[in-house]
Amino acid sequence: MPSSSIRARAAQGTVKANAGNHVQRDPDVLDGFLEDAAHFPGGHADGLVAATCEADVANLLRGSLPVLAVGAQSSLTGGATPMGEVLLTTSRLNRIFKITNDTVHLEAGVTLTDLDAALRNAGRYYPPTPTFMGAFVGGTIATNAAGAATFKYGTTRDWVQAITVVLPTGDVLDIERGQVSADPDGHFDIQPMRGATTRVPVPTYRLPKVAKLAAGYFAAPEMDLIDLFIGSEGTLGVITEATLRVLPVRPAMCLAFVPFGARLSALAFVRQLRGLARDTWRTKDPHGIDVSAIEHMDARCLELLREDGVDVVNGVVIPAGSEIALLITLELPPEITAEQAFEQIGSCREPSAPDGPLRRFCRLLDAAGVLDDVEVAVPGDLARANQLLAVREAVPAAVNKRVGLAKKSADSRIEKTAADMIVPFDRLEELLTIYETGFGSRLLDAAIWGHISDGNLHPNVIPRSIDDVKAGKAAILEFGRQAIRLGGAPLAEHGVGRNAVKQQLLELLYGNKGVDEMRAVKAAIDPEWKLAPGVLFSRR
Ligand SMILES: Cc1cc2nc3c(=O)[nH]c(=O)nc-3n(C[C@H](O)[C@H](O)[C@H](O)COP(=O)(O)OP(=O)(O)OC[C@H]3O[C@@H](n4cnc5c(N)ncnc54)[C@H](O)[C@@H]3O)c2cc1C
C-alpha cells in the first residue's frame, strides 16, 4: 500500500567539488556553458560546479547561491541557460551501474548515446529517446522528453522506475514508482533530516489527454510522487540517479522516406498505419505492420533540403511537386536479415508471394501510389539509415542556419520563433490549416515538421526581420489557443524553460490559478526559490 509520506536521507559520498573551494569562475570555462540549444540571449553564470557524487550536489545546494542543474544543454527553451546562477553540471555523474533483463540503473549524466551503446552490447533497448542522442538521462527525465517513437512507446515518464533526487535543502529522496502516492486530500509529506515535515500540495488542474506533454508539473488525484519530479525542469530537485525500464530485445528496424504529392493523402496514409500498428500490437500477428514512429516534413522543409543540397549529399530523390514527406520506422522481427527484407520488398507486387510485414507495408505504399518514390534502409543497413535520418535532422538545422544568418545580417534581436504543439491525431488537419492561415495572413515564411504519428508538429518561422519574430510570436499564441480548443496542448515535448511565449502558453493551458498552484508546489519544496529560478514561471 503506497504511503503519501517519504523520509529524506543524508547525501552519500565524500564532497570533492566543494562549493566554497571548487566553484570554477574562469571566464573561459564558463563561456562554454552560457547558451543552450535555444540560443536564449543573455546567459551569464556565477560559477560552475562539476559534481562527482551526490554529496557534491547536496553541498552546493545547502549553500545560499541559486543553482541551475544542466545536462547536455540541448534544451530548446532556454531552460538550461544560466541567468546568474551557479551552474551544476552533471557531466561527471556518468556511471552505468547495472543492466538487468528489463532495467538499467545509472547516473544522471550518462548520455543517451552511451546508454544506447551499453544497452546494445547487452541486447537491450531504451525506446523513448528524443531526436538528440547527446542529451543526458537526467535532462530527459527533468523535461519528460519524448521522441519520434512516442506513438508506440510513450514518453520518458513511462520508462522511469526510480530516481534519486537531491532537494534544495541538500536532503536526498529515493523515490520508487508505486511507493509514494498523494493522499486523497491532495498532498505529499516529505520528512526532512531535520525540522518540520514539508507538506506539498498536489495541483488540482487536469492534464489534457495527449500522447506527450511537457507543460510544468504533472498533477492527478493520488498521483505518484515520482511523477512530480519527472518533467519539473530542474525547479524542484536535482536528479542524480535513475532506474529506467528497458526492453529485453532490440527490434529490427526498417526506415522508409516516403514523399507524397498531396498532404491529405499523406494524412490518410498515416491514419491507416496508426490503425494497422495498433491492430498488430493487439493481435500480435507476426506478419502485421508494426510502426513505432512517423516523422513529417512539409513542402517548405523539402525546399530547404533541396536549397542546401541535403537530398544530393544523402542520395535521396525528392520528386518535384512533393507537398510532404514522411519518414516511417517500421519494426520487424529481430531475426530478419537484409536479404529477407529485400526479398519481401522486391516481390511485393507478386500476388502469390508469401506474407510478411515488409511486404504488407510495400503493398500499402503501392496502393497509395507512392511505392516507386520510396527510399528504404533495410534492417542492418546503418549507413543508409543514417542518411535518411540525416535528411530529417537537416530540417531544423536548415531553419536554425537561416535564423542565424538573419540575426547577423538583418537584426541582432532576431531569434528562433517556434512552437511544439500536439492535438489528437483526428484534429491534426484542422491544426495544419490553422497554422497555414495564421502564417499566411501574417506573410510569414515558415516550415513545419515533427512527430506526425502523435499529432505533434513543430511550426517554425524563418524570420527575415524583427517584425517577423513579433508576428511569429503572436501567431504561436493564437495557435496555442486553437490547440487547446482542439483538445490538445501547446507544450508537447520541449518544455517551457525561460521562453516567455511558452510561459504564456502554460498560463493559457492551466490558467493563472493553475500556474499559482505550481508556484505553491515550488514554494513548499524550494521556499528560497534556489533551484532554476525563472524556469517554468516567475516567482511573482
Ligand atoms: C537537435 C535537437 C533535437 C531535439 N529533439 C527533441 C525531441 O525529439 N524530443 C524532445 O523531447 N526534446 C528534443 N530536444 C530537446 C532536448 O534534447 C531535450 O529536452 C533533452 O531532454 C534535454 O536534455 P539535456 O541533457 O540537454 O538537458 P538540458 O538542456 O541541460 O536541461 C534541460 C532542463 O532540465 C534541467 N536538468 C538537466 N539535468 C537535470 C538534472 N540532473 N536534475 C534536474 N534537472 C535537470 C535543466 O535545469 C533544464 O531546465 C531536441 C534538442 C535538439 C538540440
Side-chain angles (χ1 to χ4, degrees), residues 33 35-40 51 54 57 61 66-83 85 87-94 106-113 115 128-150 155-157 163-168 211-216 229-242 293 295 389-390 392-400 416 418 420 422 449-451 454 456-458 491-499 502 526 531-536:
F33 289 85
E35 243 193 17
D36 61 22
H39 304 295
F40 193 83
E54 200 177 273
V57 176
L61 294 188
V67 172
L68 183 73
V70 291
Q73 294 186 292
S74 66
S75 166
L76 295 173
T77 65
T81 299
M83 283 292 151
E85 303 88 5
L87 280 158
L88 173 63
T89 171
T90 51
S91 60
R92 292 170 74 184
L93 296 174
N94 56 8
L106 74 181
E107 286 187 301
V110 174
T111 64
L112 294 175
T113 304
L115 171 62
T129 53
T131 314
F132 179 65
M133 291 295 283
F136 291 7
V137 164
T140 62
I141 298 173
T143 56
N144 187 27
T150 300
T155 65
T156 298
R157 181 183 304 286
I163 50 174
T164 297
V165 188
V166 184
L167 297 174
K212 51 174 87 167
L213 187 69
F229 288 91
I230 299 170
S232 63
E233 299 196 30
T235 58
L236 298 179
V238 177
I239 299 157
T240 53
E241 285 181 27
E295 300 279 276
L389 291 170
R392 159 70 177 84
E393 280 158 27
V395 170
V399 170
N400 292 345
K416 189 172 169 72
D420 163 35
I422 185 165
W449 67 88
H451 314 298
D454 299 308
N456 169 213
L457 299 182
H458 306 309
L491 301 155
E493 57 173 16
H494 295 158
V496 177
R498 299 191 189 276
N499 184 299
K502 288 180 188 287
D526 184 13
L531 270 176
V535 170
L536 286 181

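As the structure lists them, so they are numbered: ligands from 1, and atoms in each ligand from 1.
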Are side-chain heavy atoms of L88 and L68 found at a separation under 4.5 Å? no

Only counting residues at least two apart or in another chain, list the ones meeting side-chain contact (heavy atoms from CB on, under 4.5 Å) with T164. R9, E54, V172, D174, T240, E241

Residues in side-chain contact (heavy atoms from CB on, under 4.5 Å) contact with A37, at least two apart in sequence or another chain: L76

Is there side-chain contact between D420 and H458, with heavy atoms separated by less than 4.5 Å? yes

Run through ligand 1 for me and note each protein residue having a heavy atom under 4.0 Å from it, chain first, then residue number. A37, L68, A69, V70, G71, A72, Q73, S74, S75, L76, G79, A80, T90, A108, P130, T131, F132, A135, F136, G138, G139, T140, A142, T143, A145, A146, E233, G234, G237, V238, I239, H451, E493, H494

For the pair D36 and T81, evaluate side-chain hydrogen bond (donor to acceptor under 3.5 Å, both in side chains) and give the outcome as yes or no after the intermediate values. CA-CA 5 Å; D36 61 22; T81 299; 3.1 Å; yes

Pairs touching residues 135-147 that satisfy side-chain hydrogen bond (donor to acceptor under 3.5 Å, both in side chains), sequence neighbours left out: N144-T155

